[in-house]
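Chain letters run A, B, ... following the sequence lines, proteins first and then strands; every chain starts at 1.
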Amino acid sequence: MKVEVRYLLMFHRLTGKTKEIIELEQSNPTVRDLISKLGQIYGQQIVDALIDPKTGDVRYTPDLKENKKAVRILVNGRMTWWLNGLDTKLKEGDVVQLFG
Amino acid sequence: MRYAIPEYILRVDLSKQKIVKEPLPEKLARNFLGGRGINAKILYDELKPGIDPLSPENILVFGVGPATGTLAPASGRYNVSAKSPLTNFFGDANSGGHWAPELRYAGYGHIVFYGRANKPVYLWIDDDKVELRDASHLWGKDTWETEDMLIEELGDPEVKVACIGPAGENLVRFACVINEKSRAAGRTGMGAVMGSKNLKAIAVRGTKGVEVADVEALLNFREEANKLIANDLFYELYSRYGTAGLTTIYNEFGACTAFNSKEAYWENAEKLYGEVFEEKLTVHITACFSCPLHCSRVYKVKSGPYACIGESCEFENIVAYGTRCGNDNLESVAYASTLADKLGIDTISSGAVIAFAMECWEKGLITEKDTGGLDYSWGNTDVIIESLKLIAQRKGFGNLLAEGVKRMSERIKGSEKFAIHIKGMETPAVDPRAVQGYGGLGYAVASRGGDHLRALAALGYSLPKRAKELFGTDKAADRFSTIAKGAVVKFHEEMRAVTDAIEICKYITRTALLLPETIAKLINALTGWEIDKQEVLRIGERIVNLERAFNIREGLTRKDDTQPERMLKEPIPRGPSKGCVVQLEPMLKEYYTLRGWDLETGYPKKEKLVELGLDYVANDLEKLGKLAK
Ligand code: SF4
């Protein structure tokens with residue numbers, strides 16, 4: 001199953017890309033699955049940027065102590081906050097935008 | 001002992017060539033802080049209602065504030081205010097750079113211009129020496145030439161110049177004031193008011209310091225502020241890509257004005273994204289005075305028909321000359337942006353009038369006969385550039401474009417339905433249908449017309465956790481929902497008024513330094529007052545209500561707090577915000593109720609004005625029969 005990932009701003013810097021098609025093996029993949037796939041490709045850094053280990057959720061707020069910025073994950077233009085967070089289901093052709 | 005509050009107000013009668021310097025009362029600063037706040041107070045108190053904004057009766061005020069020129073972050077800003085020739089309501093614009101600190105270092109908080117000079121003049125402020133000088137040799141020059149000539153003539157490279165270009169001289173209704181070649185006090189036609197007064201420029205040199213009340217507290221504040229700014233969600237966007245980065249975000253949101261608002265998402269906009277701008281055009285990063293966010297950049301198109309160099313090609317410019325006109329050629333956008341700065345034209349309004357003409361052309365409402373042979377097809381880069389030149393000179397079709405979208409639509413039959421303006425001012429780059437609070441309500445109620453910066457309701461579409469703390473529901477941050485948007489817009493309007501009045505930049509206060517307790521800390525460190533967050537909000541509310549009263553006196557009613565027909569009735573056709581329209585009524589009702597304004601007329605209630613210490617304003621409105629029952 002394929003989704004389009006757009007790397008905006010900070011994620012453009014981290015990946016050196018603007019967008020790409022990512023293929024996910026799972027039959028019912030979620031945003032969490034996509035992030036672990038991105039971790040395989042781009043390393044732990046991108047996972048740390050996206051997920052806050054303290055909450056186990058998207059880094060919606062900055063961590064001033066760790067100097068980690070807040071980020072946003074959008075699925076088809078809608079922030080994951082309004083969907084199902086990291087458990088938001090993805091379907092064929094979805095556009096996932098990452099920015100921070 | 002008084003700290004940080006500028007010492008003097010300058011009153012300049014251009015008709016009589018008389019300059020009076022008077023002390024700025026601390027009480028005035030206590031109530032209105034400075035900058036936009038005191039400008040509004042001066043205009044409300046001194047301007048006769050109903051006057052023609054381009055007549056000598058209009059009053060033009062420049063103002064800086066208690067933060068100006070200090071270690072406060074991003075404290076290089078000033079406001080210029082007058083009755084607007086574009087809206088006939090309250091006119092006001094804000095600009096950055098280094099002009100404001102220079103004025104502050106000369107000891108002045110506000111300059112108030114009256115009347116009209118009988119020939120072109122400029123004001124030269126050299127610390128205590130202030131004089132009007134002949135500007136005949138500068139008339140007709142663009143803003144870059146004017147600045148170069150003045151610096152040469154005055155013999156000091158440290159002189160800072162704010163001036164108008166040909167557009168201001170020719171009374172283009174959306175002419176702006178430009179300082180340091182690229183910083184624009186852009187909106188509501190303040191450049192035209194300057195032109196109508198035969199005032200070409202204000203050149204300033206100031207060498208005095210600013211004494212603040214508590215240096216240590218200010219240093220601590222700065223340290224804390226830098227940290228908040230550097231970890232803000234939008235830090236990388238502004239600091240690395242400049243506001244051009246917003247093109248990326250808003251198009252991905254499906255909230256990017258395209259094709260005169262027929263669309264809010266455009267695939268080709270990718271060619272205009274911040275990442276592309278940075279890679280192709282950015283030469284180096286710059287900043288206004290004392291700013292840690294440094295959103296400005298010098299850009300350069302090296303060769304070809306659009307070869308140019310300039311500074312600060314903002315998101316608004318990229319949309320105005322790019323997506324709004326169906327143009328995906330980034331180099332032409334940069335070129336148009338430099339040209340607009342030189343001519344002294346507001347980029348948002350000028351892009352909007354060209355896009356409006358393009359839709360009129362598409363629908364066959366105008367032809368080559370009207371345009372003098374120019375082809376207004378979508379994306380015609382040459383016609384975008386040619387239009388700017390014609391507007392500035394008011395030549396040919398440019399004479400109509402120079403009137404703004406509202407007046408154009410009154411002349412072009414059948415075009416009212418897609419005339420994108422509010423209260424006569426063209427709306428900015430973000431499509432309000434896709435962001436209910438920020439755009440839908442925020443633009444509709446802004447005192448200066450179709451404008452995003454009065455509210456800049458950033459929590460209305462981002463930071464749900466913060467929104468929940470402040471407004472009791474995370475839905476306040478849902479851009480598609482109308483829930484709590486009245487409260488969101490009211491809160492942001494108060495805070496924007498305060499930061500415009502102390503004169504620090506909206507981009508650092510956008511979300512990073514947004515909270516009233518943060519700003520109270522800054523004000524107290526600067527002035528030695530001990531005000532709390534409630535007082536900060538109250539001052540903001542006072543300024544908002546005073547501007548409201550100014551507008552009501554000029555004839556504003558509830559029907560003016562609205563959106564263009566397209567935004568209310570035509571759903572966004574494609575993209576991530578497909579199907580949205582502005583759902584204005586419920587938001588407006590909540591907003592008026594919270595403001596203490598009448599639901600039917602939009603007039604303020606007496607109790608509200610009295611509560612804010614504006615008793616005399618209540619009396620004025622009562623006499624006019626314009627106070628809510
Ligand atoms: S954020 Fe940008 S516009 Fe604001 S003061 Fe800093 S450089 Fe100037």
(Q) Walk me through whether A:Lys65 and B:Asn231 qualify under side-chain contact (heavy atoms from CB on, under 4.5 Å). (A) CA-CA 10 Å; A:Lys65 284 205 192 83; B:Asn231 286 288; over 6 Å; no

Q. Can you pull the salt bridge (charged side-chain N to carboxylate O under 4.0 Å, His left out) pairs that have at least one residue in residues 219-234 of chain B, sequence neighbours excluded?
A.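 Qualifying pairs, neighbours excluded: B:Glu224-B:Lys521.
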
(Q) Run A:Arg13 and B:Glu236 through salt bridge (charged side-chain N to carboxylate O under 4.0 Å, His left out) and show every step you take. (A) CA-CA 10 Å; A:Arg13 176 163 57 79; B:Glu236 175 135 352; 2.6 Å; yes

With rounding to the nearest 0.5 Å, note down the distance linking [atom1] in [X] to [atom2] in [Y].
| X | Y | atom1 | atom2 | result |
| --- | --- | --- | --- | --- |
| A:Arg72 | B:Ile249 | CZ | CD1 | 10.5 Å |
| B:Leu233 | A:Tyr60 | CG | OH | 12.0 Å |
| A:Gln97 | B:Phe253 | CD | CZ | 8.5 Å |
| A:Leu9 | B:Ser239 | CG | OG | 10.0 Å |
| B:Glu252 | A:Lys19 | CD | NZ | 8.0 Å |
| B:Glu275 | A:Tyr7 | CD | OH | 13.5 Å |

What is the minimum heavy-atom distance between [X] and [Y], and which atoms define it?
| X | Y | result |
| --- | --- | --- |
| B:Pro576 | A:Gly77 | CB-CA, 3.8 Å |
| A:Leu8 | B:Thr248 | CD2-CG2, 3.4 Å |
| B:Asp474 | A:Trp82 | O-CH2, 2.9 Å |

Q) Which residues in residues 25-33 of chain A have any heavy atom lying under 4.5 Å from a heavy atom of chain B? A)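 Expected list: none.
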
Would the number of heavy atoms belonging to other residues, nucleotides or ligands and lying under 6.0 Å from [atom1] of [X] be above 12?
| X | atom1 | value |
| --- | --- | --- |
| B:Lys578 | NZ | no |
| A:Glu92 | CD | yes |
| B:Lys465 | NZ | yes |
| A:Lys37 | NZ | yes |
| B:Arg466 | CZ | no |

Q: Check whether B:Ala434 gets within reach of chain A through its side chain, its backbone, both or neither, counting any heavy atom under 4.5 Å.
A: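 It is neither, since no heavy atom gets under 4.5 Å.
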
Q: Below 4.5 Å from any heavy atom of chain A, which atoms of B:Tyr461 appear? Answer side chain, backbone, both or neither.
A: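 Just the backbone, heavy atoms under 4.5 Å.
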
Q. Which atoms of A:Arg6 come close to chain B, meaning under 4.5 Å heavy atom to heavy atom: side chain ones, backbone ones, both, or neither?
A.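 Answer is side chain: those atoms of A:Arg6 sit under 4.5 Å from chain B.
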
(Q) Quick check on the interface: out of B:Gly245, B:Ala477, B:Ala255, B:Ser462, who has the most heavy-atom pairs with chain A under 4.5 Å? (A)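 Greatest number of close heavy-atom pairs with chain A: B:Ala477.
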
Q) Just wondering, do A:Met79 and B:Pro464 contact through their side chains at under 4.5 Å, heavy atoms? A)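 Yes, their side chains come closer than 4.5 Å.
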
Q) Are side-chain heavy atoms of A:Thr18 and B:Glu270 found at a separation under 4.5 Å? A)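 Side chain of A:Thr18 against side chain of B:Glu270, heavy atoms only: no contact under 4.5 Å found.
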
